[in-house]
Protein chains: 2
Amino acid sequence: MHETRPLQVHYLKAACSSCSVLELCLPIGMTGAEVERLDTLIVQRFKVKKGAALYRTGDPLRSLYAVRIGSFKTCVVSVDGREQVTGFHIPGEMLGLDAISADEHACTAFALEDSEVCPIHFAQLEKLAQTLPSLQHNLNRLLSREIVRDHSMLMLMGNMNSDERLAAFLLNLSQRFSIRGYSSKEFVLKMRRDEIGSYLGLRLETICRGIAHLRDQGLVEIAGRDVKIQDMEGLKQMVAGCHRQPR
Amino acid sequence: MHETRPLQVHYLKAACSSCSVLELCLPIGMTGAEVERLDTLIVQRFKVKKGAALYRTGDPLRSLYAVRIGSFKTCVVSVDGREQVTGFHIPGEMLGLDAISADEHACTAFALEDSEVCPIHFAQLEKLAQTLPSLQHNLNRLLSREIVRDHSMLMLMGNMNSDERLAAFLLNLSQRFSIRGYSSKEFVLKMRRDEIGSYLGLRLETICRGIAHLRDQGLVEIAGRDVKIQDMEGLKQMVAGCHRQPR
DNA sequence: CTCGGGACTTGATTTACATCAAGTGTCACC
DNA sequence: GGTGACACTTGATGTAAATCAAGTCCCGAG
């Protein structure tokens, strides 16, 4: 769908620059020559089958990964096997940032569909960053952005009711698709209801009911995993007054 | 109380190395000479009165801050003025990491008591990091550690009931005090019940009841803001099987 | 085509926590 | 030394979401 055989060839040529340069956001403000040096790090790409783990909690940090095609969920797994989803990742986004902390991955990344990633060898990236100040700066920003994102998730978990959380989730996905050049109004959820639930701190039945509520209000049209946003403003309003009890 | 006039002089001499070196964790693995260069960044310290804001959402990022004395809460404030606490910070911990993302602070930091911080000019820090690889690496780790911490908060908000959250909160504080050389068994909560509640996604009444429950089980003794942990293992067990319904 | 299983939906009931309410304790300030 | 404000506690009641329980839908394998 995104991809046909003939396109593959084009990708192989464009892989490095399009993957690292345009989508990763690492190279903002870097010169062409600098970007070329960054691209030398990205020597390969590889595929991850649907359901397979790209890395697991405790794996040593070798590379960060840029999602190239497909999508991933990251989750923390507790002792007895139950999991908390900490994030979803679409093409152009980076995986593995939490591993820098202790030189080993702090969560497990599963492919939600057949996917493809660019590994970015971390030690080499750090080395290169020493000579490319703008690369270093961009890495710092990437890490910091993740922190900001997590804080807004905490806000969501602490202050929003179930319908508001769902609305916020859909809006967030919509924006991210938009940034990457996909439609912000129509997209496909690659994850199951229970995975959305885990991410939002809700049960899957509550997600279903939330979807029904948003549909009843004419805000979205969701059939299975196909999403159409019908009233973007309405959704935004719903999230704006983001309190458990709006009085 | 913490501070008398004569001590000031001593602090001025010792401020740089004790503040930046031992507590910040930035200089792990750096040589003495490198650490000295780092210390040149830390040219001053200043006081923040209880209740005052060290920085506010939207303020341009000039410095990161190392807490030297006292404590802070950071919160995201929503449009209509209600706040979500995103973290508490004790001496030796760093404030402002989320500002790197967009060159402006993404939350507001309030002093919970009369406090003191070391500002670390961020542009200079980045510049220095270019010539000190180990400093750069430590900054990366610091940022990544914050991400890991946030993920475990998300796990807590998604999977734990109120008593478990409170236990996890107390254990976390205990560990951090321990790392900084304070007692892990006895400490004082500098924040109000409603601030703990906001942080944990609960109401203040629920915090009170949680405290009563932990007390009834003989795990802790909490009188007002004075905490004594009586059964560390018991607390840990409580958090270990961290599910909403332990079956 | 049809059978089986997994994903999803919807209704009934339960429950953990929020909310409302009425206190007590404590400390700063007049 | 009294009093007012604020932090905290505890009880009664309400409610949003969890849990339990049937389903339906859809797709892929046989």
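Labels below follow one simple rule: chain letters A, B, ... track the order of the sequence lines, proteins then strands, and each chain is numbered from 1.
- Checked options B/Lys190, B/Lys73, B/Arg203, B/Arg225; the residue passing with B/Glu195 is B/Lys73 (criterion: salt bridge (Lys or Arg N to Asp or Glu O under 4.0 Å)).
- Between the CD atom of B/Glu164 and the P atom of C/dA16 there is a distance of 12 Å, rounded to whole Å.
- Of the candidate nucleotides D/dC8, C/dC17, D/dA17, D/dC8 has the atom lying nearest to any side-chain atom of B/Arg192.
- Taking atom NE2 on B/His213 and atom P on D/dG11, their separation rounds to 10 Å, with Å as the unit.
- The distance from atom CG of B/Asn161 to atom C1' of C/dA18 is 15 Å, rounded to the nearest whole Å.
- Atoms CG (A/Leu189) and P (C/dA7) sit 15 Å apart, rounded to a whole Å.
- Regarding B/Asp163, its CG atom lies at a distance of 7 Å from the P atom of C/dC17, rounded to whole Å.
- Of the candidates C/dT10, D/dA17, D/dT9, the closest approach to any side-chain atom of B/Cys208 belongs to D/dT9.
- Residue B/Arg203 contributes atom CZ, which lies 14 Å from atom P of D/dA17 at whole-angstrom precision.
- Scanning atom types as modelled, one donor and one acceptor separated by under 3.5 angstrom connect the side chain of A/Glu205 and the base of D/dC20.
- Checked against a 6.0 Å centroid threshold, the rings of B/Tyr182 and B/Phe187 do not count as neighbours.
- Side-chain atoms of A/Arg209 come within donor-acceptor range of the base of D/dT19, with a qualifying N/O pair under 3.5 Å.
- In this structure, B/Arg225 reaches the sugar-phosphate backbone alone: every heavy-atom distance under 4.0 Å involves primed, P, OP1 or OP2 atoms, never a base.
- Of the listed nucleotides (C/dT10, D/dC8, C/dA18), D/dC8 has the atom at the smallest distance from the side chain of B/Arg193.
- For the pair B/Leu202 CG and C/dA18 P, the computed distance is 5 Å after rounding to whole Å.
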